[in-house]
Amino acid sequence: MQKIEKSQLDVLQERFHTFMETLESIEPEKVDLAEIDHLIEMIDEIEEKFKELKEDDQ
């Protein structure tokens with residue numbers, strides 16, 4: 001794996017870790033639409049980064 005790809009993978013892992021921390025910190029009884037939108041945005045960003053990594057790998 002090239003150094004650039006390793007760095008990009010690290011970024012992807014960090015974004016996923018941040019997403020999981022955010023998800024774990026939310027209280028289901030008190031979650032509002034803005035928080036749900038933020039989580040969806042985070043997932044979209046992770047998905048886009050994954051697609052970039054996948055394209056770079058080919």
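Atom CD of Glu47 sits about 12.5 Å away from atom CZ of Arg15, to the nearest 0.5 Å. In this structure, CG in Leu53 is found 5.0 Å from CD in Gln8, a value given to the nearest 0.5 Å.
Using a 4.5 Å heavy-atom threshold, the side chains of Leu39 and Ile26 count as touching. At a threshold of 4.5 Å between non-hydrogen side-chain atoms, the residues Lys49 and Glu52 count as touching.
Under the 4.5 Å side-chain heavy-atom criterion for ILVMFWY residues, a single connected hydrophobic cluster contains both Val31 and Met42. Linking ILVMFWY residues whenever their side-chain heavy atoms come closer than 4.5 Å, directly or via other members, leaves Phe19 and Leu33 in distinct clusters. Both Ile43 and Phe16 are assigned to one and the same hydrophobic cluster, defined by single-linkage of ILVMFWY side chains at heavy-atom distances under 4.5 Å.
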Show your working on side chain to side chain donor-acceptor pair (under 3.5 Å) between Gln13 and His17 and close with a plain yes or no.
CA-CA 6 Å; Gln13 289 173 330; His17 179 73; over 6 Å; no
Go through it in stages, so that I can follow the logic: the residues are Glu48 and Lys51, the test is side-chain contact (heavy atoms from CB on, under 4.5 Å), and I'd like the CA-CA distance, side-chain angles, deciding distance and then a yes or no.
CA-CA 5 Å; Glu48 284 301 314; Lys51 286 179 182 178; 4.0 Å; yes
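Sorted pairs that involve residues 22-46 and meet side chain to side chain donor-acceptor pair (under 3.5 Å), not counting sequence neighbours, are lacking altogether.
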